[in-house]
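To keep things clear, I will list the structure first and then write my remarks on it.
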Amino acid sequence: MRAKTRDGYQGTGPGAITPDGCAVELYARLPIGEEPEIIAAAVPTGAHILELGSGVGRMTHPLLERGFTVTAVDESPEMLERVHGARTRCSPIEDLDLGERFDVVMLASFLVHAGDAEVRRGLLRTCVRHLADDGCVLIQREGEDYHTRVPRERVDPGGFTIRIASSRPVGDGVHAVRAEYEFPDAAWTQTFLARPLSREQFEEALGEAGLRVDRYLTEDRMWVRAVRAQ
C-alpha cells in the first residue's frame, strides 16, 4: 500500500514520488558532495551509524565504503530499493523504535526543520531513543539565508540546474518552499513545508529533546554534532 502524501508536500516529475514530495529517480541522479568526509571526521572509525531519512543511499554508500556499518531508515520503499550493503528499515522516522542504540544517529536533509513542530519533536525523540550513552547525533541544518536568498539557482558541473524558486510564509512560522530540478532530459519539482530556526531556536529544540550542541562541524554551522545533555 502506497503511503499517503503528507499535507503541504507535493512532487512532480518522472517516477515514484515519496510522501514528502521527493522524487526517487531525481535523488538517484543527484551527486553526493563533501558530506561523507564531514561525517567521517566527526565520528569514531568503524562506527555503527543509524541513518534517518537515507533516501536512495547517496550518503549510505560512501559511508559503507569508508568502513562504517549503516542501518538505513526511510519511509519510502522505492527509495530503500536503491540502497545496497546496509540493513534497511521502512518506517516513518518519528515512529521508529528498533530497540537498539547506535554510536551515531544521523538526521540530514534539513529534516530538523519539519514544518510541523510535533514532527520535529518526534524526529529528535527518535534520535535520543536510539543513541548510545557516549554516542553523538549528526544534524544538518538549513543555511542561515535559506529562506531569504530566493529565488536562487545553481548549475551543477554535471549539467543540471537546482533552483529554489520560492519560500513563502504560510503562517505559524512555517514556509512553503518550492524547489525545481532541471536536467537535459527530465525535470522535477518539490513543494514542502519548512520551519526556519535561528541558532538559538535550534539549540532550544535540542535542549527540549535532551541534547546539546557539542560543536558545529562546518563554518556555516549547517552540520552539527550533538550529544546527550548532562
Side-chain angles (χ1 to χ4, degrees), residues 3-10 18-22 39 42-43 49-55 59 71-76 79-80 89-144 146-147 167-177 179 190-217 221-230:
K4 179 179 179 292
T5 302
R6 294 175 181 254
D7 290 341
Y9 295 74
Q10 182 181 5
T18 69
D20 60 356
C22 293
I39 296 161
V43 304
I49 299 174
L50 176 62
E51 184 185 5
L52 302 175
S54 67
M59 282 193 275
T71 294
V73 177
D74 203 277
E75 67 180 349
S76 165
M79 287 283 196
L80 289 176
R89 175 64 66 91
C90 188
S91 170
I93 295 169
E94 57 267 37
D95 297 337
L96 184 71
D97 190 350
L98 296 175
E100 302 174 49
R101 293 190 176 188
F102 295 79
D103 305 316
V104 181
V105 180
M106 187 165 68
L107 188 69
S109 300
F110 310 147
L111 293 176
V112 74
H113 292 274
D116 186 331
E118 277 306 310
V119 170
R120 181 194 68 222
R121 293 184 181 105
L123 299 178
L124 291 174
R125 283 195 295 267
T126 294
C127 292
V128 173
R129 183 161 55 242
H130 292 90
L131 184 64
D133 289 341
D134 59 349
C136 66
V137 182
L138 301 185
I139 301 172
Q140 184 185 26
R141 302 170 59 219
E142 294 174 343
E144 293 177 2
Y146 187 87
H147 296 277
S167 175
R168 178 173 56 87
V170 293
D172 190 33
V174 177
H175 286 227
V177 180
Q190 182 186 10
T191 301
F192 58 94
L193 300 180
R195 182 179 294 274
L197 297 172
S198 67
R199 181 175 176 178
E200 293 75 17
Q201 289 170 327
F202 168 72
E203 293 184 1
E204 182 179 343
L206 292 188
E208 183 183 64
L211 296 168
R212 63 174 176 85
V213 171
D214 178 54
R215 66 182 186 271
Y216 289 91
L217 302 176
R221 295 190 292 275
M222 288 178 63
W223 276 94
V224 186
R225 188 181 192 273
V227 296
R228 290 183 181 275
Q230 299 301 319

### Task
To the nearest 0.5 angstrom, please state how far the CZ atom of R125 sits from the CG atom of L211.
12.0 Å
### Task
Identify the heavy atoms of V119 and A114 that sit nearest to each other, and give their distance.
CG1-CB, 3.9 Å
### Query
How would you list, by chain and number, every residue that makes a salt bridge (Lys or Arg N to Asp or Glu O under 4.0 Å) with R221, sequence neighbours excluded?
E144
### Task
Provide the closest heavy-atom pair for M59 versus A108 in the form atom of the first, atom of the second, distance.
CE-CB, 3.5 Å
#### Entry: Side-chain (H175) to main-chain (P196) donor-acceptor, under 3.5 angstrom
no
### Euclidean distance, L193 CG relative to R168 CZ, rounded to 0.5 Å
9.5 Å
### Task
First locate atom OG of S91, then atom CD of E75, and finally report the distance between them rounded to the nearest 0.5 Å.
8.5 Å
### Query
Of the non-hydrogen atoms in L80 and A72, which two are nearest, and what is the gap between them?
CD2-O, 4.1 Å
### Query
Any sub-3.5 Å donor-acceptor pair from D172's side-chain atoms to V174's backbone N or O?
no
#### Entry: Working for side chain to side chain contact (heavy atoms under 4.5 Å, CB included), residues H113 and H147
CA-CA 12 Å; H113 292 274; H147 296 277; 5.8 Å; no
### Query
Which pair of heavy atoms, one from G55 and one from D74, lies closest together, and at what distance?
N-OD2, 2.8 Å
### Query
Under the salt bridge (Lys or Arg N to Asp or Glu O under 4.0 Å) test, which residues partner R199, sequence neighbours left out?
E203
### Message
Around atom CG of D7, are there more than 12 heavy atoms from other residues, nucleotides or ligands closer than 6.0 Å?
### Response
no
### Query
Rounded to the nearest 0.5 Å, what separation is found between the CG atom of L111 and the CG atom of D20?
7.5 Å
### Query
Is the backbone N or O of S109 less than 3.5 Å from a side-chain atom of Q140, with the two atoms forming a donor-acceptor pair by type?
yes
### Under 3.5 Å donor-acceptor, R141 side chain and M222 backbone
no
### Task
Might you work through the side chain to side chain contact (heavy atoms under 4.5 Å, CB included) test for D103 and V43, ending with a clear yes or no?
CA-CA 8 Å; D103 305 316; V43 304; over 6 Å; no
### Message
Working to the nearest 0.5 angstrom, can you tell me the gap between R225 CZ and R215 CZ?
### Response
5.0 Å
### Query
Going through the distances and angles, do L217 and L138 end up as a side chain to side chain contact (heavy atoms under 4.5 Å, CB included)?
CA-CA 9 Å; L217 302 176; L138 301 185; 4.1 Å; yes
### Message
Does any part of the side chain of L206, heavy atoms only, come nearer than 4.5 Å to the side chain of R212, both counted from C-beta?
### Response
no
### Query
Taking all atoms of both residues into account, what is the closest heavy-atom pair of L124 and A205, and its distance?
CD1-O, 3.8 Å
### CA sep, side-chain torsions, deciding dist, call: C22, Q190, side chain to side chain contact (heavy atoms under 4.5 Å, CB included)
CA-CA 6 Å; C22 293; Q190 182 186 10; 3.4 Å; yes
### Query
Judged by atom type as modelled, is there a donor-acceptor pair below 3.5 Å linking the side chain of H130 to the main-chain atoms of L50?
no
#### Entry: D133: partners by side chain to side chain contact (heavy atoms under 4.5 Å, CB included), with sequence neighbours left out
R101, R228
### Query
Is R89 salt-bridged to E100, going by a charged N under 4.0 Å from an acidic O?
no
### Query
Do you know which two heavy atoms are closest between R129 and E94, and how far apart they sit?
NH2-O, 3.9 Å
### Message
Any heavy-atom pair between the side chains of L52 and L123 that's under 4.5 Å?
### Response
no
### Message
I need the Y9 OH to T191 OG1 distance, nearest 0.5 Å.
### Response
11.0 Å
### Task
Describe, in one word, how the ring planes of Y216 and F202 are oriented to each other, choosing from parallel (under 30°), tilted (30 to 60°) and perpendicular (over 60°).
tilted
